[in-house]
Amino acid sequence: MNPVRVRFAPSPTGYLHIGGLRTALYNYLFARKHDGTVILRIEDTDQKRFVDDAEEDIIASLQWAGIEYDEGPGRDGGVGPYRQSERSDIYSEIAEKLVESGHAYIAFDTEEELAGMRERFATEENPNPRYGSSTREHMQNSFSLSEEDVSSRLASAHPHVIRLNVTPGETVSFTDLIRGDIAFATENVDDQILMKSDGHPTYHLANIVDDHMMGVSHVIRGEEWLPSTPKHILLYEALGWDPPKLAHLPLILSPTGGKLSKRSSERAGIPVFVNEYRSAGYESGALINFLALLGWNPGDERELFSMEGLIETFSLERVGQSGVQFDLNKLQWYNEQYLRQRSAQSIATDVKPLLAESGIEPSDEYLERVVEVMKERISIPSDLVEAMYFFQDPTSYDDKTKKKRWKEDSSDLILLFSEKLDPLEPFDATTIEIALRELAEEREAGAGRIIHSVRLATSGVGFGPGLFDLLEVLGKETTIRRLRAAAEILG
RNA sequence: GCCGCGUUCGUCUAGGGGUUAAGGACGCCGCCCUUUCACGGCGGUAACACGGGUUCAAAUCCCGUACGCGGUACCA
């Protein structure tokens with residue numbers, strides 16, 4: 001049995017996409033499960049769309065997510081380099097070979113000529129004619145041009161591309177590990193460009209050359225590659241190479257059903273880039289857990305998995321075949337689960353800079369106590385920034401709560417309560433609660449009644465941590481000050 | 001248009017011919033706990049796209065239709 005070697009092969013045309021992270025994750029899980037190797041390969045053959053700091057972002061995002069790679073830029077495994085831009089010679093050589101063996105051919109068509117062809121051959125039934133057996137005779141290439149013409153153009157450095165020579169009337173089939181047997185008629189496969197006129201290979205050539213030379217055993221990639229797979233199979237055959245095993249993952253869809261594009265996701269409030277989740281404060285473990293279960297399931301009813309647990313349980317057979325919609329709610333739930341496992345201290349460290357942005361700079365001790373009472377009721381650390389009442393006296397009181405909870409005698413009650421608190425020592429949740437219940441009894445008022453008024457008076461809102469915890473954290477002085485102020489303002 | 005892939009609760013899914021009045025999770029709703037907010041516990045809502053076949057029996061196999069998604073670049 002050949003060793004398992006997988007690759008994650010992003011293109012540095014943008015920051016790491018959430019879907020890309022999932023692809024990387026599934027590759028990683030599969031490799032670790034089978035004691036295999038993970039290769040990171042940078043597919044930078046498109047110089048026009050190259051983004052300067054994309055590679056850096058991809059690597060940083062993977063690391064944040066806990067997905068390690070064994071070979072890649074900076075980690076030589078003996079089959080590098082791992083950036084396609086550094087492998088140009090290899091591709092040209094292979095392309096040359098393909099031309100010699102007749103599996104590929106040279107074409108000189110300009111962009112205008114290609115556009116003209118599409119216009120000329122477009123019909124209602126076929127609005128997108130392809131460059132292939134039915135049209136290639138009408139174009140500028142080594143099929144239509146004389147040998148002398150071709151060589152003289154080549155000699156004068158005439159811009160040209162190399163195209164795959166697809167023979168019509170055949171069937172290309174392969175077995176997908178997730179979808180089973182898939183077949184394409186070669187009539188529907190176009191004469192794909194393999195080498196662009198700028199001397200760079202296209203993805204199609206580069207990926208099969210690299211997968212072969214890097215000893216990749218399993219190609220696990222997004223479903224958007226399924227339609228171009230026959231081209232890849234044809235190339236493997238032409239070169240006499242065994243294709244790797246193939247697995248095409250279902251795509252992540254936006255909650256409305258379409259592709260999770262930048263636009264659609266923004267409308268749905270879903271970040272597309274991994275670095276956005278990171279800076280928003282999501283737990284990487286939660287994101288990974290969520291993504292793993294988005295399109296895959298363990299076959300039992302477990303929901304919470306560590307990376308180790310995922311590795312142990314993962315299998316491609318349990319990956320679904322249909323597109324999956326991104327559910328921010330569920331991610332949030334996962335994040336809550338992970339957040340609660342963390343110490344107040346470590347969460348406080350994360351929240352600190354967020355508060356500083358609003359000019360709030362509490363002491364570490366105070367912030368930690370805030371986190372302790374809030375930990376169970378936030379989804380993400382930044383939720384704490386919403387609870388400004390921990391750091392500032394309320395400047396307004398929620399109208400709905402006021403209407404519902406603020407009664408005739410409320411201000412009397414909270415003033416009496418503040419008097420009861422004054423001598424309290426120590427000032428903690430237990431003593432506060434006793435004081436409040438005493439007052440309730442004395443005044444024959446329901447404790448709930450006082451609680452609600454006090455909450456509104458001290459926080460300005462109708463929800464938050466347990467009231468006695470809240471007051472303890474705020475401290476005696478602040479509590480009394482706020483009670484008095486509220487009695488005055490709310491009347 | 002053509003090619004390919006898909007279709008079980010709103011969402012992620014289990015189930016792959018008979019013990020399924022279709023199970024779990026998120027969400028939503030209710031109850032309990034709390035004379036407070038949550039957490040938690042308990043319960044509820046809610047799905048086999050449609051039409052034909054095959055079979056004693058179909059969510060499960062086959063065909064068709066509809067719908068969705070992807071592809072149809074000198075992008076990846």
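Since this is a predicted model, take the numbers as computed values, not measurements. Within every chain, numbering begins at 1; the chains are lettered A, B, ... in the order of the sequence lines, protein sequences first and strands thereafter.
- The residue A:L467 sits close to a base: some heavy atom pair falls under 4.0 Å.
- Here the nucleotide nearest the side chain of A:D327, chosen from B:C26, B:C3, B:A76, is B:C26.
- The phosphate of B:C74 (OP1 or OP2) has a side-chain N or O of A:R163 nearer than 4.0 angstrom.
- Contacts of A:L114 with the nucleic acid, taken as non-hydrogen atoms under 4.0 Å apart, include base atoms.
- With both ends at atom P, the span from B:C26 to B:A66 equals 38 Å, rounded to whole Å.
- Phosphate proximity of B:C74 to A:K48: absent, as no side-chain N or O sits under 4.0 Å from OP1 or OP2.
- Remark: the backbone N or O of A:I42 is not paired with any side-chain donor or acceptor of A:R83 at under 3.5 angstrom.
- A:R49 contributes a side-chain N or O that forms a donor-acceptor pair with the base of B:C75 under 3.5 Å.
- Which of B:U7, B:A76, B:G4 sits closest to the side chain of A:S322 comes down to B:U7.
- With hydrogens and angles left out, the side-chain atoms of A:D428 and A:T431 include a donor and acceptor closer than 3.5 Å.
- A donor-acceptor distance shorter than 3.5 angstrom exists from the side chain of A:T186 to the backbone of A:E170, with no hydrogens or angles considered.
- Judged purely by atom type and a 3.5 angstrom limit, A:N289 uses its side chain to pair as donor or acceptor with the backbone of A:E303.
- Dashed line: the shortest gap from a side-chain N or O of A:K259 to OP1 or OP2 of B:G70 is not under 4.0 Å.
- Comparing B:A25, B:G70, B:C75 against the side chain of A:E224 picks out B:G70 as the nearest.
- Nearest to the side-chain atoms of A:R340 among the listed nucleotides B:C39, B:C26, B:U72 stands B:C39.
- Looking at heavy-atom distances under 4.0 Å, A:N128 makes contact with a base.
- At the phosphate of B:G4, neither OP1 nor OP2 sits under 4.0 Å from any side-chain N or O atom of A:T229.
- Going from atom CD of A:Q325 over to atom P of B:U13 covers 10 Å, rounded to whole Å.
- Among B:C26, B:A76, B:U35, the nucleotide with an atom closest to any side-chain atom of A:E43 is B:A76.
- Taking the ring axis of A:Y26 as reference, the NZ or CZ atom of A:R22 stays within 45° of it and closer than 6.0 Å to the ring centre.
- Contact annotation: side chain of A:S197 to base of B:C74, donor-acceptor pair present below 3.5 Å.
- Within the 4.0 angstrom heavy-atom criterion, only backbone atoms of the sugar-phosphate kind lie near A:R179; the bases stay farther away.
- Each of B:G6, B:A25, B:U13 was ranked by its minimum atom distance to the side chain of A:E303; first place goes to B:A25.
- Within 4.0 Å of A:A183, counting heavy atoms only, lie sugar-phosphate atoms of the nucleic acid but no base atom.
- If you check every strand for non-hydrogen atoms under 4.0 Å, A:G299 touches nothing.
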